[in-house]
Participant: 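Below you will find the structure I want to go over with you.
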Amino acid sequence: MDIIRVEGGHALAGSVCVSGAKNSALKLMAATLLAPGVTTLQNVPNISDVHVMGKVLKRMGATIEVADEHSLVIDTSNVDSWEAPYELVAKMRASTAVMGPLLGRFGRAKIAMPGGCNLGARKIDMHILGLEALGVKFDTDHGYIHADASEGLIGANVTLEFASVGATENLIMAAVRARGTTVIDNAAREPEIVDLANMLNSMGAKIVGAGTPVVQIEGVKELHPTTHRVIGDRIEAGTFIVAGALAAGEDGIEVRGFNSNHLGMVIKKFELMGIDIEHIEGGVRVRRAERILPVDIQTLPFPGFPTDMQAQAMVLSALADGSSVITENIFENRFMFASELVRMGADIRIESHHAMIHGVKGFSGAQVVSPDLRGGAALVVAGLVADGYTEVSAIHHIDRGYEHFVKKLEDLGACVQRATIPDPTDE
Ligand code: EPU
(Lines give C-alpha, C1' and ligand atoms only; values in the text may rest on other atoms or scores of the structure.)
Protein backbone atom coordinates (compact mmCIF):
# COMPACT_ATOMS: atom_id res chain seq x y z
CA MET A 1 0.00 0.00 0.00
CA ASP A 2 1.15 3.55 -0.73
CA ILE A 3 1.76 5.98 2.10
CA ILE A 4 3.20 9.45 2.53
CA ARG A 5 5.86 9.55 5.24
CA VAL A 6 6.77 12.91 6.78
CA GLU A 7 9.51 13.68 9.25
CA GLY A 8 8.50 16.70 11.31
CA GLY A 9 10.68 19.65 12.18
CA HIS A 10 12.19 20.72 8.84
CA ALA A 11 11.75 24.41 8.05
CA LEU A 12 10.12 25.36 4.74
CA ALA A 13 11.50 28.04 2.44
CA GLY A 14 11.12 29.25 -1.14
CA SER A 15 8.13 29.39 -3.42
CA VAL A 16 5.42 26.98 -4.52
CA CYS A 17 3.17 27.43 -7.54
CA VAL A 18 -0.27 25.91 -7.24
CA SER A 19 -1.87 23.99 -10.11
CA GLY A 20 -5.13 24.73 -11.90
CA ALA A 21 -8.30 24.39 -9.83
CA LYS A 22 -9.65 20.84 -9.70
CA ASN A 23 -13.21 21.99 -9.19
CA SER A 24 -13.02 24.29 -12.19
CA ALA A 25 -11.19 21.95 -14.53
CA LEU A 26 -13.67 19.10 -14.05
CA LYS A 27 -16.66 21.28 -15.01
CA LEU A 28 -14.81 22.95 -17.89
CA MET A 29 -14.00 19.50 -19.28
CA ALA A 30 -17.70 18.59 -19.05
CA ALA A 31 -18.63 21.89 -20.73
CA THR A 32 -16.57 21.02 -23.84
CA LEU A 33 -19.41 18.60 -24.70
CA LEU A 34 -21.59 21.63 -25.50
CA ALA A 35 -19.46 22.72 -28.47
CA PRO A 36 -18.80 20.08 -31.12
CA GLY A 37 -15.17 20.51 -32.18
CA VAL A 38 -11.77 20.99 -30.57
CA THR A 39 -11.50 22.92 -27.29
CA THR A 40 -8.15 23.47 -25.59
CA LEU A 41 -7.95 23.73 -21.82
CA GLN A 42 -4.75 25.08 -20.28
CA ASN A 43 -3.50 24.93 -16.70
CA VAL A 44 -5.38 21.66 -16.10
CA PRO A 45 -4.08 19.88 -12.99
CA ASN A 46 -2.56 16.43 -13.53
CA ILE A 47 -4.62 14.66 -10.85
CA SER A 48 -6.64 11.47 -10.77
CA ASP A 49 -10.06 13.19 -10.77
CA VAL A 50 -9.15 14.84 -14.08
CA HIS A 51 -8.14 11.44 -15.43
CA VAL A 52 -11.55 10.05 -14.46
CA MET A 53 -13.36 12.94 -16.18
CA GLY A 54 -11.20 12.24 -19.23
CA LYS A 55 -12.45 8.64 -19.21
CA VAL A 56 -16.06 9.82 -18.94
CA LEU A 57 -15.67 12.03 -22.02
CA LYS A 58 -13.80 9.35 -23.97
CA ARG A 59 -16.51 6.79 -23.18
CA MET A 60 -18.96 9.16 -24.93
CA GLY A 61 -16.80 9.35 -28.03
CA ALA A 62 -14.53 12.36 -27.35
CA THR A 63 -10.81 12.19 -28.03
CA ILE A 64 -8.32 13.84 -25.68
CA GLU A 65 -4.78 14.74 -26.54
CA VAL A 66 -2.46 15.74 -23.72
CA ALA A 67 -0.53 18.54 -25.47
CA ASP A 68 1.75 19.08 -22.47
CA GLU A 69 1.32 18.02 -18.87
CA HIS A 70 -1.25 20.78 -18.28
CA SER A 71 -2.97 21.30 -21.64
CA LEU A 72 -5.77 19.10 -22.86
CA VAL A 73 -7.01 19.24 -26.44
CA ILE A 74 -10.51 17.80 -26.32
CA ASP A 75 -12.33 16.93 -29.55
CA THR A 76 -16.04 16.42 -28.96
CA SER A 77 -17.05 16.30 -32.67
CA ASN A 78 -17.81 12.58 -32.62
CA VAL A 79 -19.52 12.32 -29.24
CA ASP A 80 -22.50 10.05 -29.86
CA SER A 81 -23.36 8.73 -26.41
CA TRP A 82 -25.02 10.51 -23.51
CA GLU A 83 -24.31 8.00 -20.78
CA ALA A 84 -22.09 8.39 -17.70
CA PRO A 85 -21.60 4.78 -16.52
CA TYR A 86 -21.74 3.59 -12.93
CA GLU A 87 -18.10 2.54 -12.61
CA LEU A 88 -16.94 6.10 -13.38
CA VAL A 89 -19.63 8.00 -11.44
CA ALA A 90 -18.91 5.71 -8.46
CA LYS A 91 -15.24 6.71 -8.68
CA MET A 92 -16.01 10.40 -8.91
CA ARG A 93 -19.30 12.10 -8.12
CA ALA A 94 -18.33 15.15 -10.17
CA SER A 95 -19.02 12.98 -13.25
CA THR A 96 -22.63 14.14 -12.77
CA ALA A 97 -21.47 17.52 -14.15
CA VAL A 98 -21.96 16.07 -17.65
CA MET A 99 -25.75 16.02 -17.16
CA GLY A 100 -26.30 19.72 -18.02
CA PRO A 101 -24.02 19.72 -21.08
CA LEU A 102 -25.51 16.47 -22.44
CA LEU A 103 -29.03 17.87 -22.07
CA GLY A 104 -27.85 21.06 -23.77
CA ARG A 105 -26.34 19.21 -26.71
CA PHE A 106 -28.47 16.09 -27.16
CA GLY A 107 -31.62 16.80 -25.14
CA ARG A 108 -30.95 13.67 -23.11
CA ALA A 109 -28.61 12.15 -20.53
CA LYS A 110 -28.30 8.81 -18.75
CA ILE A 111 -26.31 9.19 -15.56
CA ALA A 112 -25.61 6.57 -12.90
CA MET A 113 -27.08 7.64 -9.56
CA PRO A 114 -24.11 8.84 -7.51
CA GLY A 115 -25.17 7.47 -4.10
CA GLY A 116 -23.52 8.68 -0.90
CA CYS A 117 -19.83 9.29 -0.32
CA ASN A 118 -17.52 9.72 2.64
CA LEU A 119 -18.76 13.31 3.13
CA GLY A 120 -22.37 12.18 3.58
CA ALA A 121 -25.52 11.48 1.55
CA ARG A 122 -24.83 14.25 -1.02
CA LYS A 123 -28.14 14.33 -2.85
CA ILE A 124 -28.66 15.85 -6.31
CA ASP A 125 -32.31 16.76 -5.80
CA MET A 126 -31.65 20.44 -6.48
CA HIS A 127 -30.03 19.62 -9.83
CA ILE A 128 -33.14 17.65 -10.74
CA LEU A 129 -35.71 20.21 -9.53
CA GLY A 130 -33.91 22.99 -11.40
CA LEU A 131 -33.66 20.99 -14.63
CA GLU A 132 -37.32 19.98 -14.35
CA ALA A 133 -38.19 23.67 -14.36
CA LEU A 134 -36.34 23.85 -17.71
CA GLY A 135 -38.62 21.13 -19.11
CA VAL A 136 -36.50 18.03 -18.44
CA LYS A 137 -38.39 14.84 -17.59
CA PHE A 138 -36.70 12.42 -15.21
CA ASP A 139 -37.08 8.71 -14.75
CA THR A 140 -34.96 6.26 -12.77
CA ASP A 141 -34.33 2.54 -13.22
CA HIS A 142 -31.62 0.04 -12.37
CA GLY A 143 -29.51 2.69 -10.62
CA TYR A 144 -29.61 5.15 -13.51
CA ILE A 145 -31.22 8.55 -13.95
CA HIS A 146 -32.71 9.09 -17.40
CA ALA A 147 -33.12 12.76 -18.27
CA ASP A 148 -35.14 13.67 -21.33
CA ALA A 149 -35.57 17.06 -22.92
CA SER A 150 -36.01 15.84 -26.48
CA GLU A 151 -38.65 18.50 -27.08
CA GLY A 152 -36.11 21.16 -26.17
CA LEU A 153 -35.08 23.01 -23.03
CA ILE A 154 -37.15 26.04 -22.10
CA GLY A 155 -35.76 28.98 -20.12
CA ALA A 156 -37.30 29.38 -16.65
CA ASN A 157 -36.87 31.10 -13.30
CA VAL A 158 -35.28 28.77 -10.75
CA THR A 159 -34.74 29.55 -7.09
CA LEU A 160 -32.30 27.16 -5.44
CA GLU A 161 -33.10 26.13 -1.88
CA PHE A 162 -29.38 26.24 -1.10
CA ALA A 163 -26.56 27.80 -3.12
CA SER A 164 -25.33 24.44 -4.43
CA VAL A 165 -22.19 24.60 -6.56
CA GLY A 166 -23.00 21.51 -8.62
CA ALA A 167 -26.68 22.42 -9.17
CA THR A 168 -25.76 25.95 -10.27
CA GLU A 169 -23.21 24.55 -12.73
CA ASN A 170 -25.50 21.90 -14.21
CA LEU A 171 -28.29 24.45 -14.61
CA ILE A 172 -26.03 26.98 -16.30
CA MET A 173 -24.67 24.33 -18.69
CA ALA A 174 -28.19 23.24 -19.68
CA ALA A 175 -29.67 26.76 -19.81
CA VAL A 176 -27.09 28.03 -22.31
CA ARG A 177 -28.92 25.95 -24.96
CA ALA A 178 -32.50 26.56 -23.75
CA ARG A 179 -35.11 28.55 -25.69
CA GLY A 180 -35.43 31.91 -23.92
CA THR A 181 -33.99 33.21 -20.69
CA THR A 182 -33.22 31.36 -17.46
CA VAL A 183 -32.71 33.16 -14.17
CA ILE A 184 -31.08 31.24 -11.30
CA ASP A 185 -31.77 32.85 -7.94
CA ASN A 186 -29.68 31.95 -4.88
CA ALA A 187 -26.98 30.69 -7.25
CA ALA A 188 -23.63 29.59 -5.85
CA ARG A 189 -20.98 32.31 -6.18
CA GLU A 190 -17.76 30.28 -6.08
CA PRO A 191 -14.87 31.49 -8.29
CA GLU A 192 -15.11 28.18 -10.18
CA ILE A 193 -18.61 29.19 -11.33
CA VAL A 194 -17.26 32.48 -12.67
CA ASP A 195 -14.54 30.52 -14.48
CA LEU A 196 -17.18 28.26 -16.05
CA ALA A 197 -19.33 31.21 -17.14
CA ASN A 198 -16.28 32.96 -18.63
CA MET A 199 -15.43 29.90 -20.69
CA LEU A 200 -19.04 29.39 -21.82
CA ASN A 201 -19.28 33.07 -22.80
CA SER A 202 -16.11 32.68 -24.87
CA MET A 203 -17.92 29.77 -26.59
CA GLY A 204 -20.80 32.09 -27.52
CA ALA A 205 -23.07 31.76 -24.47
CA LYS A 206 -24.84 34.78 -22.98
CA ILE A 207 -24.45 34.57 -19.21
CA VAL A 208 -24.48 37.57 -16.89
CA GLY A 209 -24.23 37.75 -13.13
CA ALA A 210 -21.95 34.73 -12.49
CA GLY A 211 -20.32 35.30 -9.10
CA THR A 212 -23.49 36.98 -7.77
CA PRO A 213 -26.60 35.28 -6.33
CA VAL A 214 -28.60 35.96 -9.51
CA VAL A 215 -27.31 34.47 -12.77
CA GLN A 216 -29.15 35.21 -16.00
CA ILE A 217 -28.65 33.02 -19.05
CA GLU A 218 -30.08 33.78 -22.46
CA GLY A 219 -30.12 30.58 -24.46
CA VAL A 220 -28.28 30.44 -27.80
CA LYS A 221 -28.65 28.10 -30.79
CA GLU A 222 -25.09 26.81 -30.74
CA LEU A 223 -21.78 27.09 -28.96
CA HIS A 224 -18.37 26.95 -30.59
CA PRO A 225 -15.08 25.54 -29.28
CA THR A 226 -12.61 27.80 -27.52
CA THR A 227 -9.28 27.93 -25.70
CA HIS A 228 -9.46 28.59 -21.98
CA ARG A 229 -7.04 28.73 -19.05
CA VAL A 230 -8.25 27.21 -15.77
CA ILE A 231 -7.97 29.49 -12.69
CA GLY A 232 -5.44 28.59 -9.98
CA ASP A 233 -6.57 26.26 -7.20
CA ARG A 234 -7.52 28.37 -4.18
CA ILE A 235 -7.82 25.32 -1.92
CA GLU A 236 -4.39 23.98 -2.83
CA ALA A 237 -3.09 27.51 -2.15
CA GLY A 238 -4.84 27.57 1.23
CA THR A 239 -3.31 24.20 2.10
CA PHE A 240 0.21 25.51 1.43
CA ILE A 241 -0.57 28.68 3.39
CA VAL A 242 -1.30 26.49 6.41
CA ALA A 243 1.96 24.60 5.80
CA GLY A 244 3.83 27.92 5.76
CA ALA A 245 2.06 29.27 8.84
CA LEU A 246 3.18 26.18 10.76
CA ALA A 247 6.56 25.30 9.34
CA ALA A 248 8.12 28.18 7.36
CA GLY A 249 11.63 29.31 8.23
CA GLU A 250 12.60 32.92 8.88
CA ASP A 251 11.72 34.30 5.43
CA GLY A 252 8.38 32.58 5.14
CA ILE A 253 7.26 30.89 1.92
CA GLU A 254 5.62 32.23 -1.22
CA VAL A 255 2.45 30.61 -2.53
CA ARG A 256 1.79 31.63 -6.14
CA GLY A 257 -0.39 30.85 -9.13
CA PHE A 258 -3.78 31.82 -7.72
CA ASN A 259 -5.93 34.90 -7.11
CA SER A 260 -5.76 35.78 -3.41
CA ASN A 261 -9.23 37.40 -3.63
CA HIS A 262 -10.55 33.84 -4.01
CA LEU A 263 -9.33 33.14 -0.46
CA GLY A 264 -10.67 36.35 1.10
CA MET A 265 -12.41 34.83 4.13
CA VAL A 266 -9.67 32.26 4.70
CA ILE A 267 -6.98 34.94 4.79
CA LYS A 268 -9.15 37.10 7.07
CA LYS A 269 -9.63 34.26 9.58
CA PHE A 270 -5.97 33.24 9.43
CA GLU A 271 -4.94 36.85 10.08
CA LEU A 272 -7.22 36.83 13.14
CA MET A 273 -5.28 33.73 14.22
CA GLY A 274 -2.12 35.83 14.16
CA ILE A 275 -0.74 34.58 10.86
CA ASP A 276 1.23 37.07 8.80
CA ILE A 277 0.06 36.92 5.18
CA GLU A 278 1.41 39.46 2.73
CA HIS A 279 -0.13 39.92 -0.73
CA ILE A 280 2.44 39.71 -3.51
CA GLU A 281 2.20 39.57 -7.31
CA GLY A 282 0.33 36.36 -8.22
CA GLY A 283 -0.16 35.11 -4.66
CA VAL A 284 0.92 35.61 -1.05
CA ARG A 285 3.92 35.32 1.25
CA VAL A 286 3.15 33.60 4.55
CA ARG A 287 5.34 33.59 7.65
CA ARG A 288 5.40 31.11 10.50
CA ALA A 289 3.17 32.17 13.39
CA GLU A 290 5.05 32.35 16.69
CA ARG A 291 1.76 32.09 18.55
CA ILE A 292 -1.51 30.92 16.99
CA LEU A 293 -4.65 32.52 18.41
CA PRO A 294 -7.89 30.56 18.81
CA VAL A 295 -10.66 31.13 16.30
CA ASP A 296 -14.35 30.63 15.58
CA ILE A 297 -14.94 29.40 12.03
CA GLN A 298 -18.16 28.41 10.26
CA THR A 299 -18.03 26.87 6.81
CA LEU A 300 -20.41 28.53 4.36
CA PRO A 301 -20.87 28.91 0.62
CA PHE A 302 -18.55 31.46 -1.03
CA PRO A 303 -17.67 34.16 -0.01
CA GLY A 304 -17.87 32.40 3.37
CA PHE A 305 -15.16 30.11 4.74
CA PRO A 306 -14.89 27.09 2.37
CA THR A 307 -15.64 23.62 3.69
CA ASP A 308 -12.66 22.47 1.62
CA MET A 309 -10.36 24.40 4.01
CA GLN A 310 -12.02 23.15 7.20
CA ALA A 311 -9.57 20.32 7.96
CA GLN A 312 -6.51 22.46 7.26
CA ALA A 313 -7.89 25.21 9.55
CA MET A 314 -8.44 22.57 12.23
CA VAL A 315 -4.75 21.66 12.10
CA LEU A 316 -3.86 25.29 12.82
CA SER A 317 -6.42 25.68 15.59
CA ALA A 318 -5.28 22.42 17.22
CA LEU A 319 -1.98 24.19 17.97
CA ALA A 320 -3.56 27.49 19.04
CA ASP A 321 -3.05 29.10 22.40
CA GLY A 322 -6.64 28.53 23.62
CA SER A 323 -9.91 26.97 22.51
CA SER A 324 -11.48 27.22 19.06
CA VAL A 325 -14.82 26.21 17.56
CA ILE A 326 -15.26 25.07 13.98
CA THR A 327 -18.78 24.57 12.65
CA GLU A 328 -19.32 22.56 9.48
CA ASN A 329 -22.46 23.72 7.69
CA ILE A 330 -22.00 22.28 4.21
CA PHE A 331 -21.46 18.52 4.58
CA GLU A 332 -22.97 16.23 7.18
CA ASN A 333 -19.92 14.03 7.63
CA ARG A 334 -16.76 16.05 7.30
CA PHE A 335 -15.17 15.61 10.75
CA MET A 336 -13.76 12.12 10.20
CA PHE A 337 -10.39 13.77 9.89
CA ALA A 338 -10.59 15.00 13.52
CA SER A 339 -10.20 11.54 15.05
CA GLU A 340 -7.04 10.98 12.99
CA LEU A 341 -5.62 14.30 14.22
CA VAL A 342 -6.45 13.20 17.77
CA ARG A 343 -4.15 10.21 17.14
CA MET A 344 -1.42 12.80 16.64
CA GLY A 345 -2.13 14.38 20.03
CA ALA A 346 -4.80 16.97 19.19
CA ASP A 347 -7.57 17.64 21.71
CA ILE A 348 -10.83 17.77 19.75
CA ARG A 349 -14.41 17.05 20.78
CA ILE A 350 -17.10 16.74 18.13
CA GLU A 351 -20.69 17.59 18.96
CA SER A 352 -23.01 17.30 15.99
CA HIS A 353 -21.64 19.69 13.37
CA HIS A 354 -19.40 21.58 15.83
CA ALA A 355 -15.80 20.77 16.68
CA MET A 356 -14.42 22.08 19.97
CA ILE A 357 -10.66 22.25 19.71
CA HIS A 358 -8.40 22.88 22.70
CA GLY A 359 -4.96 23.90 21.54
CA VAL A 360 -2.06 21.59 22.47
CA LYS A 361 1.67 22.35 22.51
CA GLY A 362 2.55 20.05 19.62
CA PHE A 363 1.66 16.99 17.54
CA SER A 364 3.28 13.64 17.86
CA GLY A 365 3.96 11.71 14.65
CA ALA A 366 1.69 8.68 14.17
CA GLN A 367 0.23 6.32 11.60
CA VAL A 368 -2.96 7.90 10.35
CA VAL A 369 -5.48 7.25 7.59
CA SER A 370 -6.50 9.84 5.06
CA PRO A 371 -10.30 10.00 5.42
CA ASP A 372 -10.91 12.10 2.29
CA LEU A 373 -9.09 14.46 -0.03
CA ARG A 374 -8.73 17.57 2.12
CA GLY A 375 -8.39 15.66 5.39
CA GLY A 376 -5.54 13.63 3.90
CA ALA A 377 -3.62 16.71 2.79
CA ALA A 378 -4.21 18.31 6.22
CA LEU A 379 -2.70 15.26 7.96
CA VAL A 380 0.45 15.52 5.84
CA VAL A 381 0.66 19.21 6.75
CA ALA A 382 0.26 18.37 10.45
CA GLY A 383 3.12 15.88 10.03
CA LEU A 384 5.43 18.73 8.98
CA VAL A 385 5.50 19.97 12.58
CA ALA A 386 4.90 16.71 14.43
CA ASP A 387 7.49 15.13 16.65
CA GLY A 388 9.07 12.26 14.68
CA TYR A 389 7.47 10.46 11.75
CA THR A 390 3.90 10.62 10.48
CA GLU A 391 2.71 8.01 8.01
CA VAL A 392 -0.47 8.86 6.12
CA SER A 393 -2.17 5.97 4.31
CA ALA A 394 -5.12 5.86 1.86
CA ILE A 395 -3.36 8.56 -0.10
CA HIS A 396 -5.34 7.86 -3.26
CA HIS A 397 -7.66 10.47 -1.75
CA ILE A 398 -4.87 13.05 -1.87
CA ASP A 399 -3.98 12.09 -5.46
CA ARG A 400 -7.52 12.98 -6.50
CA GLY A 401 -6.89 16.67 -6.01
CA TYR A 402 -3.26 17.59 -5.25
CA GLU A 403 -0.81 17.47 -8.14
CA HIS A 404 2.74 16.42 -7.19
CA PHE A 405 1.96 17.17 -3.53
CA VAL A 406 5.01 15.38 -2.17
CA LYS A 407 7.37 16.93 -4.74
CA LYS A 408 6.04 20.44 -4.06
CA LEU A 409 6.55 19.98 -0.30
CA GLU A 410 10.00 18.49 -0.89
CA ASP A 411 10.97 21.47 -3.05
CA LEU A 412 10.00 23.72 -0.13
CA GLY A 413 12.42 21.78 2.09
CA ALA A 414 10.09 19.31 3.79
CA CYS A 415 11.38 15.84 4.57
CA VAL A 416 8.58 13.88 2.94
CA GLN A 417 8.37 10.90 0.65
CA ARG A 418 5.95 8.48 -0.95
CA ALA A 419 6.61 4.90 -0.08
CA THR A 420 5.08 1.54 -0.83
CA ILE A 421 4.88 -0.65 2.25
CA PRO A 422 3.29 -4.05 2.84
CA ASP A 423 -0.25 -3.75 4.15
CA PRO A 424 0.23 -4.33 7.91
CA THR A 425 -3.09 -6.18 8.13
CA ASP A 426 -1.98 -8.82 5.59
CA GLU A 427 -0.83 -12.11 7.08
N1 EPU B 1 -26.93 19.21 -1.81
C2 EPU B 1 -28.21 18.68 -1.76
N3 EPU B 1 -28.88 18.53 -2.93
C4 EPU B 1 -28.35 18.90 -4.13
C5 EPU B 1 -27.05 19.43 -4.18
C6 EPU B 1 -26.35 19.58 -2.98
O7 EPU B 1 -28.72 18.34 -0.70
O8 EPU B 1 -29.02 18.75 -5.16
C9 EPU B 1 -26.17 19.36 -0.55
C10 EPU B 1 -24.95 18.46 -0.54
O11 EPU B 1 -25.27 17.16 -0.05
C12 EPU B 1 -24.02 19.19 0.38
C13 EPU B 1 -24.35 20.67 0.11
O14 EPU B 1 -25.64 20.67 -0.49
O15 EPU B 1 -24.32 18.89 1.71
C16 EPU B 1 -23.36 21.39 -0.79
O17 EPU B 1 -23.25 20.76 -2.03
P18 EPU B 1 -22.77 21.48 -3.37
O19 EPU B 1 -23.68 21.07 -4.45
O20 EPU B 1 -22.56 22.94 -3.13
O21 EPU B 1 -21.33 20.82 -3.56
P22 EPU B 1 -20.82 19.94 -4.76
O23 EPU B 1 -21.09 20.64 -6.04
O24 EPU B 1 -21.28 18.55 -4.61
C25 EPU B 1 -18.49 21.13 -4.82
C26 EPU B 1 -17.05 20.69 -4.76
C27 EPU B 1 -16.70 20.24 -3.34
C28 EPU B 1 -16.96 21.41 -2.41
C29 EPU B 1 -18.42 21.87 -2.53
C30 EPU B 1 -18.75 23.08 -1.67
C31 EPU B 1 -16.64 19.83 -6.96
C32 EPU B 1 -16.32 18.67 -7.81
N33 EPU B 1 -16.84 19.59 -5.67
O34 EPU B 1 -19.26 19.97 -4.48
O35 EPU B 1 -15.32 19.94 -3.36
O36 EPU B 1 -16.70 21.01 -1.09
O37 EPU B 1 -18.70 22.21 -3.92
O38 EPU B 1 -17.92 24.13 -2.00
O39 EPU B 1 -16.69 20.96 -7.44
C40 EPU B 1 -13.33 18.88 -2.68
O41 EPU B 1 -12.76 19.45 -3.62
O42 EPU B 1 -12.70 18.28 -1.77
C43 EPU B 1 -14.79 18.92 -2.60
C44 EPU B 1 -15.49 18.08 -1.85
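Each residue takes its place number in the sequence, starting with 1.
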Participant: Looking just at side-chain N and O atoms, do Thr327 and His353 make a donor-acceptor pair shorter than 3.5 Å?
Facilitator: no
Participant: Checking Arg234 against Glu192 for the salt bridge (charged side-chain N to carboxylate O under 4.0 Å, His left out) test, could you report, in this order, the C-alpha distance in whole Å, the side-chain angles of both residues, the deciding distance, and whether it holds?
Facilitator: CA-CA 10 Å; Arg234 62 194 167 107; Glu192 292 75 20; 2.9 Å; yes
Participant: Of all the heavy-atom pairs spanning Leu246 and Leu319, show the shortest one and how long it is.
Facilitator: CD2-CD1, 3.7 Å
Participant: Just how far is it from atom CD1 of Ile357 to atom CG of Asp347, taken to the nearest 0.5 Å?
Facilitator: 9.5 Å
Participant: Show the nearest heavy-atom pair for residues Gly401 and Lys22, with the distance to one decimal.
Facilitator: CA-CD, 3.8 Å
Participant: Identify, with sequence neighbours excluded, every residue that meets side chain to side chain donor-acceptor pair (under 3.5 Å) alongside His70.
Facilitator: Glu403
Participant: Is the backbone N or O of Gly244 less than 3.5 Å from a side-chain atom of Arg288, with the two atoms forming a donor-acceptor pair by type?
Facilitator: no
Participant: Quick one: do the His396 and Asp2 side chains pair a donor with an acceptor below 3.5 Å?
Facilitator: no
Participant: Which heavy atom in Ser317 sits nearest to a heavy atom in Val295, and how many Å separate them?
Facilitator: CB-CG1, 4.4 Å
Participant: State, yes or no, whether a side-chain contact exists between Phe335 and Met314 at a heavy-atom distance under 4.5 Å.
Facilitator: yes
Participant: First locate atom OG1 of Thr159, then atom CG of Asp185, and finally report the distance between them rounded to the nearest 0.5 Å.
Facilitator: 4.5 Å
Participant: Nearest heavy-atom pair of Ala147 and Phe138: which atoms, and what distance?
Facilitator: CB-CE2, 3.6 Å
Participant: Would you say that Phe363 contacts Leu341 through its side chain, given a criterion of any heavy-atom pair below 4.5 Å between the two side chains?
Facilitator: yes
Participant: If you measure from CG on Leu409 to CD1 on Ile4, what distance do you get to the nearest 0.5 Å?
Facilitator: 8.0 Å
Participant: Please check if the side chain of Gln298 supplies one atom and the backbone of Asn329 the other of a donor-acceptor pair under 3.5 Å.
Facilitator: no
Participant: Only pairs at least two apart or in different chains count here, so list each salt bridge (Lys or Arg N to Asp or Glu O under 4.0 Å) that has a residue in residues 54-69.
Facilitator: Arg59-Glu87
Participant: Strictly by modelled atom types, are His51 and Asn46 linked by a side-chain donor-acceptor pair under 3.5 Å?
Facilitator: yes
Participant: Is any side-chain heavy atom of Pro301 closer than 4.5 Å to one of Ile330?
Facilitator: yes
Participant: Specify the closest pair of heavy atoms between Arg189 and Phe302, including all atoms of both residues, with the distance to one decimal.
Facilitator: O-CD2, 3.3 Å
Participant: Is there a donor-acceptor pair closer than 3.5 Å between any side-chain N or O of Thr76 and the backbone N or O of Ala35?
Facilitator: yes
Participant: Can you check whether His354's main-chain N or O pairs, donor with acceptor, with Ser352's side chain at less than 3.5 Å?
Facilitator: no
Participant: Apply side chain to side chain contact (heavy atoms under 4.5 Å, CB included) to the pair Ile231 and Asn259, showing each step before the final yes or no.
Facilitator: CA-CA 8 Å; Ile231 57 169; Asn259 180 343; over 6 Å; no
Participant: Looking at side-chain heavy atoms only, is the closest gap between Arg256 and Val18 below 4.5 Å?
Facilitator: no
Participant: Quick check: are there more than 12 heavy atoms from other residues, nucleotides or ligands sitting under 6.0 Å from CZ of Phe106?
Facilitator: yes
Participant: Got Leu384 and Val6 here, is their nearest side-chain heavy-atom distance under 4.5 Å?
Facilitator: yes
Participant: Would you say that Leu171 contacts Leu131 through its side chain, given a criterion of any heavy-atom pair below 4.5 Å between the two side chains?
Facilitator: yes
Participant: Between Tyr144 and Glu83, is there a donor-acceptor pair closer than 3.5 Å when you use the side chain of the first and the backbone of the second?
Facilitator: no
Participant: Can you list the steps and then say if Phe240 with Phe258 is a ring-ring contact (aromatic ring centres under 6.0 Å, His included)?
Facilitator: CA-CA 12 Å; Phe240 281 111; Phe258 76 108; over 10 Å; no
Participant: Against Ile217, only a single residue in Ile184, Val208, Val183 fulfils side-chain contact (heavy atoms from CB on, under 4.5 Å); can you say which?
Facilitator: Ile184
Participant: In terms of side-chain geometry, is the basic nitrogen of Arg287 or Glu278 positioned less than 4.0 Å from the acidic oxygen of its partner?
Facilitator: yes
Participant: Should Ser323 and His358 be marked as a side chain to side chain donor-acceptor pair (under 3.5 Å) after you check the CA-CA gap, both sets of side-chain angles, and the distance that decides it?
Facilitator: CA-CA 4 Å; Ser323 299; His358 301 287; 2.6 Å; yes
Participant: Between the side chains of Thr32 and Thr39, is a donor N or O closer than 3.5 angstrom to an acceptor N or O?
Facilitator: no
Participant: List the steps, then state whether side chain to side chain contact (heavy atoms under 4.5 Å, CB included) holds for Val38 with Ile74.
Facilitator: CA-CA 5 Å; Val38 182; Ile74 305 176; over 6 Å; no
Participant: Return yes when atom CG of Asp141 has more than 12 non-hydrogen atoms of other residues, nucleotides or ligands closer than 6.0 Å, and no otherwise.
Facilitator: yes
Participant: Between Met99 and Leu103, is there a side-chain heavy-atom distance shorter than 4.5 Å?
Facilitator: yes
Participant: Quick one, Ile235 with Gln312, criterion side chain to side chain contact (heavy atoms under 4.5 Å, CB included). Give me CA distance, side-chain angles, the key distance, then yes/no.
Facilitator: CA-CA 10 Å; Ile235 306 300; Gln312 302 89 316; 4.0 Å; yes
Participant: Determine the minimum heavy-atom distance between Pro306 and Val266, stating which atoms define it.
Facilitator: CD-CG2, 3.4 Å
Participant: In Å and rounded to the nearest 0.5 Å, what is the CD1 to OG distance from Ile350 to Ser339?
Facilitator: 8.0 Å
Participant: With Ser24, which of Asp195, Asn43, Asp233 fulfils side-chain hydrogen bond (donor to acceptor under 3.5 Å, both in side chains)?
Facilitator: Asp195
Participant: Tell me if the CD atom of Glu271 is crowded by more than 12 foreign heavy atoms within 6.0 Å.
Facilitator: yes
Participant: Do you know which of Arg400, Lys27, Arg93, Lys91 makes salt bridge (charged side-chain N to carboxylate O under 4.0 Å, His left out) with Asp49?
Facilitator: Arg400
Participant: In chain order, what residues pass the side chain to side chain donor-acceptor pair (under 3.5 Å) check against Glu351, with sequence neighbours excluded?
Facilitator: Arg349
Participant: With distance as the sole criterion, is a donor-acceptor pair present between the side chains of Lys110 and Ser81 under 3.5 Å?
Facilitator: no
Participant: Quick test of your reading of the model: are Arg418 and Asp399 salt-bridged, counting only N-O distances below 4.0 Å?
Facilitator: yes
Participant: Please walk me through it: do Ile207 and Gln216 pass side chain to side chain contact (heavy atoms under 4.5 Å, CB included)?
Facilitator: CA-CA 6 Å; Ile207 305 166; Gln216 185 170 319; over 6 Å; no
Participant: Kindly say whether Ser164 contributes a backbone atom to a donor-acceptor pair with the side chain of Thr168 at under 3.5 angstrom?
Facilitator: yes
Participant: Is the backbone N or O of Val214 less than 3.5 Å from a side-chain atom of Thr212, with the two atoms forming a donor-acceptor pair by type?
Facilitator: yes
Participant: Is any side-chain heavy atom of Ile280 less than 4.5 Å from a side-chain heavy atom of Glu254?
Facilitator: yes
Participant: One thing to verify: whether Arg334 and Glu328 come together as a salt bridge, which I'm taking to mean a side-chain N less than 4.0 angstrom from a carboxylate O.
Facilitator: no
Participant: Is Asp148 salt-bridged to Arg108, going by a charged N under 4.0 Å from an acidic O?
Facilitator: no
Participant: To the closest 0.5 Å, what do you measure between NZ (Lys123) and CD1 (Ile128)?
Facilitator: 11.0 Å
Participant: So, Thr181 and Glu218: side-chain donor and acceptor under 3.5 Å apart, yes or no?
Facilitator: no
Participant: Does Glu410 come within less than 4.0 Å of Lys408, counting only side-chain N to carboxylate O?
Facilitator: no
